[in-house]
Amino acid sequence: MTSPRIKLHKGDLPAKVSFSTSVAIDTETLGLKNHRDRLCLVQLSAGDNEVHLVQFDGRTWDAPNLSALLTDPNVLKIFHFGRFDIAVLERYLGVRTGPVWCTKIASKLVRTYTDRHGLKDLTAELLGLEISKAQQSSDWGSETLSQQQLAYAASDVLHLHKLKTRLETMLKRDGRLDMAEAAFRYLPERARLDLAGFEEMDVFSH
Ligand code: MN
């Protein structure tokens, strides 16, 4: 695999960067509590081995180009565990991301033979690629990100398009694509419940 082309931007996507029908997205934050731990980085890729990284300084959240992309009804946003990213993007950028696709939800609906649905597990099994998670817990608030951090951040969006293709085939095979699509439509609402304080509660349970 040739190394990806990584472009780092501060505070917003440049206006000239556009995505046609779909974009893979991931975020890095200071931690897992979206009210406490701010958004630091948004990674985006069209699935063409090029990754755009948008770095936030924690002071200004005005990102009109990125926000327009996140809410563009004609561009599908592909995540892995989008529930977290969608909530964080709404909390900090004030946008409701959509339409969305989530490789973790898809995996849970078709890979019923395992309980391993991490991105590393998916890329290993479905694509035969090993990705490193070594930089996952590093300081994403640092003004200057290391080469290791940039490479790790990029690797989280490089393979989502291929994973989606593989998972879609499996969902169709098992007659579960419509179920998955219904779950994806609900996902932004689930993220909104998380932001409203219902993170620990399953509102459907007895
Ligand atoms: Mn990540």
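Remember, it's 1-based here, ligands and their atoms both numbered in the order they're listed. Because the structure is a prediction, the values reported are computed rather than measured.
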Exercise for the section: Quick one: report the N, O or S atom of Asp156 that is nearest to the Mn ion (ligand 1). Expected result: OD2
Handout entry: Name of the Glu28 atom (N/O/S only) found closest to the Mn ion (ligand 1)
Key = OE2
Exercise for the section: Just give me the atom name: the N, O or S atom of Asp26 closest to the Mn ion (ligand 1). Expected result: OD2
Exercise for the section: Could you give me the CA-CA distance, side-chain angles and deciding distance for Phe56 and Trp61, then say whether ring pair (Phe, Tyr, Trp, His ring centres under 6.0 Å) is met? Expected result: CA-CA 7 Å; Phe56 289 94; Trp61 299 109; 5.4 Å; yes
Practice task
Tell me whether Ile25 is reachable from Leu32 by hopping between hydrophobic residues (I, L, V, M, F, W, Y) whose side-chain heavy atoms are closer than 4.5 Å.
Solution key: yes
Practice task
Run the salt-bridge test on Asp57 and Arg38 with the 4.0 Å N-O cut-off and return the result as yes or no.
Solution key: no
Handout entry: His52 and Phe19 aromatic ring geometry - parallel, tilted or perpendicular at 30°/60° bounds
Key = perpendicular
